Colleague: 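Pasting a structure below so you can have a look.
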Amino acid sequence: MIDFLAELNEPQHQAVTHENGPLMIIAGAGSGKTRVLTYRIAHLMGSGVDAFNILSLTFTNKAAEEMRHRIEKIIGSEAKNLWMGTFHSVFAKILRFEGFRLGYTSNFTIYDTDDSKSLLKTIVKEFNLDDKTYKPNFILNRISGAKNNLISWQMYNENPVFQAEDISAQMPEIGRIYKTYAQRCFSANAMDFDDLLFNTNVLFRDYLDVLNKYQHKFKHVMVDEFQDTNISQYLITRKLSAVHQNICVVGDDAQSIYAFRGANIQNILNFKKDYPDLKVVKLEQNYRSTKNIVNAANSLIAKNKAQLEKKTFSDNEEGDRIEVIKAHSDNEEGKIIANTIFESKHQGLRNQDFAILYRTNAQSRAFEEALRKLNIKYRIIGGLSFYQRKEIKDLLGYLRYTVNQQDEEAFKRIINLPKRGIGDSTVAKIVVMASENQKSVWEIICNIKQYLEGRAMNSIETFTNLIKSYIIMEEEGKDAHTIAMNIAKTTGILHELYIDKTVEGVARHENVQELLNSIKQFVDNPENEDKTLGSFLQTVSLLTNADQEEDGDPDKVTMMTIHGAKGLEFKHVFVVGLEENLFPSQMMLRSREDLEEERRLFYVAITRAEKKLTLSYAEQRYNWGKLNFCEKSRFIDEIDPAYLKFDDRGSSYTPKGFDFESFGRKERPVVTAPPTRSQAIANLKPVSQAKPAPVHVPTVDFVPSDTKNLKPGDKVEHQKFGFGEVKKLDNLGPTAKAVIHFDSEGEKTLLLSFAKLRIVE
DNA sequence: GGCGTAACACTTTTT
DNA sequence: GTGTTACGCC
């Protein structure tokens, strides 16, 4: 075996060679953590442990793949058999095999955040609640928090503490929403992200034979980024390693930045209590950054109270002081940083050596524009990912529905797409029918003429026949690419985008082609044994932001949020937007008052830098069309000023060495961006449109905007039927309904979401 | 009933 | 600046 142990320092060596019994590695930033984990697995395999007995949980799928390749280089192709991946992807795989015990089929759908929110929205609407108080984001966070602490909807509704909290938040109905949400997901044969972990816990709790099987399979369990695991994840790993007791966790409490999603720093702090004979190894030497950067980071993190004792240090060169730039505006901030990058390239640095890190995705625009003007190539990680684009989700919707006809979110997305004359009211009727007859939407539309009539029915039959033809292909065992190609063609999605010659239409067509390509790659990849549509979908829905495909040119400036930068390193890092209320974030401070997590986030940002670090802030910033005046972030002042160097360059600053001549005196960007939607519209219409004077229209309180106040006995006015009285309200069904007795028309049942009613005082 | 247009609301971080 | 909803027209 290759002697890779020689190059390790003492604590690293201990961590790698510790074989049996629980182990905790506290790995400071830049301490060679990835190397230790890689070698540790290689060492275990070298001493006779089979690859398929090792489970290694990472934070991104990409990290897992990289590690697998590194191990492969040391130990050989046996590394292919390692179980590696994110918590979500590994346990989704296990649930595919074992989920039938909980009532799911093997091709269950994974709801992403958008699906979850859309489902919550419909539930709120059905309950006739005000969607301004009941915000899907908030409810989802609440439900997610409950699930991550293993609180089922039953437990949630039985516990008066939660109800008291919800009442004080003006949302007493959250318990009921949670219940309905969970039941809907289940009947749609779907799990959201949190369910993947929650259900794994249920599975291991209720089916001891299953637990036993995996306990014996995984002789070694390793968890990377342990500081960012939540209770649910921790319990899974604890159960899995209960037999062999070979659990190895790696983490750094100073880099815990996911408490907002349920990560629990107590996991690290309490780990010792759960494993009394725990061996702890601390990796404290930073090999990544200069002394200046490490010291500055230490001086900042010292302000935090909750942390384990450790002393990180660097034996590297002293390095430059940290530069702090004050800019007049957000756009100027972009220009200055783009210019700095442009100049630094003469000092032998390449694009790929730079990273621009910000707190929120929305901040990327000023930097994009500035970099494009100087013809500097960049890539953005995160933000709206490829798989969140409308055209992609549309095609994926068809794929999902082909695999799982219970998937109502997919149904709602594709039923009238491309337009086939099936409108909202028809869809609403189908949903009502389904719930009244205790059947799934699919069963209704397969026999639609038994239930409803009207001109949309023929379109619905065409639709079901289309889907049926895809299902047959799936049952015949055709691979994912063949089916997806067929769907893209026969639905007309591809054609519709093909004939759309607008800029966006062309881009969308390309995107769909790209998706089809990636499915082809998935099918052609010999490492994927299961080439079915179901298998592809499960992989796709668990891709992380860091898993984005590259276009082959690696020499680009990287832009991303600090959260996305975890585990990465760059020669020169810019941390931008250091303004009070932006970083630390106003939201964070208002909702959780957790300044320490924001500080750790800043710590993570600083420690990404190898040689140089630049901090910047702007005095004014445009946010959603409004100009805001900003103050310098308190975090800059928390760094020991001995490590800082202040610089305020004006907006007239132009980069040295920028050759305007070769650009024809004009800034002529070679990297062209597609015009934005508004630009495209502006190109179509002349600007000379006179705006009509605003007309004052008296507002009328028509339902549904006011349904929350509607109760039996109310006198109402209907636009068409005139005056009447509410007899009965049925808001338990999928669509809220009211039985109203009208003076002229007699009794009528109305779908409230479409009725035009007004409450008469 | 369906579809196009205009006003409206929304901006934390991610699996 | 962008995506969603509501209204009014066909």
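Within every chain, numbering begins at 1; the chains are lettered A, B, ... in the order of the sequence lines, protein sequences first and strands thereafter. No hydrogens, no waters, no symmetry mates; every other heavy atom, side chains included, goes into these values. Owing to the predicted nature of the structure, the values given are computational and were not obtained by experimental measurement.
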Colleague: For DNA chain B, whose closest nucleotide is more 5', that of A:A456 or that of A:E597?
Modeller: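 Result: A:A456.
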Colleague: Rounded to whole Å, please give me the gap between CD in A:E596 and P in B:dT13.
Modeller: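 In whole Å, B:dT13 P and A:E596 CD are 22 Å from each other.
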Colleague: Would you indicate which nucleotide in B:dT14, B:dG2, B:dT12 comes nearest to any side-chain atom of A:M587?
Modeller: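 Nearest nucleotide to the side chain: B:dT12.
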Colleague: If I take atom CE in residue A:M457 and atom P in nucleotide B:dG2, what distance separates them, rounded to the nearest angstrom?
Modeller: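 Nearest whole value for this atom pair: 8 Å.
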Colleague: Would you state whether a donor and an acceptor, one from the side chain of A:R261 and one from the base of B:dT15, lie under 3.5 Å apart?
Modeller: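 No.
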Colleague: Mind checking A:K121 for me? I need base, sugar-phosphate or nothing, with any heavy atom below 4.0 Å counting as a touch.
Modeller: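 The residue A:K121 makes sugar-phosphate contact but no base contact.
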Colleague: Between A:Y603 and A:N304, do the side chains contain a donor N or O and an acceptor N or O under 3.5 Å apart?
Modeller: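 No pair is found: no donor N or O on one side chain lies under 3.5 Å from an acceptor on the other.
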Colleague: Under a 3.5 Å threshold, yes or no: a donor from one side chain and an acceptor from the other, between A:T133 and A:Q170?
Modeller: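 On atom types as modelled, these side chains do not qualify, holding no pair under 3.5 Å.
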Colleague: Would one find more than 12 heavy atoms of other residues, nucleotides or ligands at under 6.0 Å from atom NZ of A:K393?
Modeller: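 Enclosed: over 12 neighbouring heavy atoms sit under 6.0 Å from NZ of A:K393.
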Colleague: Of the nucleotides B:dT15, B:dG2, B:dC10, which has the atom closest to the A:T426 side chain?
Modeller: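 Selected nucleotide (nearest to the side chain): B:dG2.
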Colleague: Which nucleotide sits closest to the side chain of A:S585: B:dT12, B:dT14, C:dG1?
Modeller: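 Side chain of A:S585 sits closest to B:dT12.
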Colleague: Students often get this wrong, so: under 4.0 angstrom with heavy atoms, is A:L197 touching a base, only sugar-phosphate, or nothing?
Modeller: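 The answer is nothing, as A:L197 stays clear of every strand by at least 4.0 Å.
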Colleague: By the 4.0 Å heavy-atom rule, please label A:Y258 as base, sugar-phosphate, or nothing.
Modeller: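 If one applies the 4.0 Å heavy-atom cut-off, A:Y258 turns out to touch the sugar-phosphate alone, with no base involved.
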Colleague: Would you say A:F260 stacks on B:dT13, if stacking means ring centres under 5.5 Å apart and planes within less than 30 degrees?
Modeller: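 Here A:F260 meets both the 5.5 Å and the 30° conditions.
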Colleague: Classify A:K419 by what it touches in the nucleic acid, base, sugar-phosphate, or nothing, heavy-atom distance under 4.0 Å.
Modeller: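 A:K419: backbone/sugar contact only, no base atoms under 4.0 Å.
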Colleague: Round to a whole Å and report the spacing from CG of A:L357 to C1' of B:dT12.
Modeller: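 After rounding, the gap between these two atoms is 16 Å.
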Colleague: With a non-hydrogen cut-off below 4.0 angstrom, is A:D194 in contact with a base, only sugar-phosphate, or nothing?
Modeller: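 The answer is nothing, as A:D194 stays clear of every strand by at least 4.0 Å.
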Colleague: Between atom CG in A:N141 and atom P in B:dT15, what is the gap in whole Å?
Modeller: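 Distance, rounded to whole Å: 15 Å.
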Colleague: Just checking A:R359: base, sugar-phosphate only, or nothing, at a heavy-atom cut-off of under 4.0 Å?
Modeller: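 Here A:R359 touches the bases of the nucleic acid.
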Colleague: Taking only N and O in the side chain of A:K429, is any of them less than 4.0 Å away from OP1 or OP2 of B:dG1?
Modeller: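 Result: yes.
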Colleague: For A:D195 and B:dT15, what is the distance between atoms CG and P respectively, to the nearest whole Å?
Modeller: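 Whole-Å distance recorded here is 17 Å.
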Colleague: So does A:S425 get a side-chain nitrogen or oxygen closer than 4.0 Å to the phosphate oxygens (OP1/OP2) of B:dG2?
Modeller: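 Yes, within the criterion.
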Colleague: Quiz question: by atom type and distance under 3.5 Å, do the side chains of A:S329 and A:Y622 form a donor-acceptor pair?
Modeller: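 No, because no side-chain N or O of A:S329 sits under 3.5 Å from a partner of the opposite role on A:Y622.
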Colleague: Nearest-Å distance, CD1 (A:I257) to C1' (B:dT14)?
Modeller: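 Interatomic distance, CD1 of A:I257 to C1' of B:dT14: 10 Å.
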Colleague: Drop me the distance from A:E332's CD to A:Q620's CD, to the nearest 0.5 angstrom.
Modeller: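 Answer for the CD-CD pair, A:E332 versus A:Q620, is 9.5 Å.
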Colleague: Just N and O in the side chain of A:N230: are any of them under 4.0 Å from OP1 or OP2 of B:dT15?
Modeller: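 For B:dT15, neither OP1 nor OP2 has a side-chain N or O of A:N230 closer than 4.0 Å.
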Colleague: I need the OH-P distance between A:Y358 and B:dT12, as an integer number of Å.
Modeller: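 One finds 15 Å between P of B:dT12 and OH of A:Y358, rounded.
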Colleague: Find the distance A:I110:CD1 to B:dT15:P and express it as a whole number of Å.
Modeller: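 After rounding, the gap between these two atoms is 13 Å.
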Colleague: If each of A:G423 and A:A362 is mapped to the nucleotide of DNA chain B with the nearest heavy atom, which maps nearer the 5' terminus, i.e. the 5' end?
Modeller: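 Whichever sits nearer the 5' end wins; that is A:G423.
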Colleague: Report yes if some heavy atom in the side chain of A:V250 is under 4.5 Å from a heavy atom in the side chain of A:F226; otherwise report no.
Modeller: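 Heavy-atom side-chain distance check fails, nothing below 4.5 Å.
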Colleague: Would you indicate, yes or no, if B:dT13 has its OP1 or OP2 atom less than 4.0 angstrom from a side-chain nitrogen or oxygen of A:N361?
Modeller: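 A:N361 to B:dT13 OP1/OP2: side-chain N or O found under 4.0 Å.
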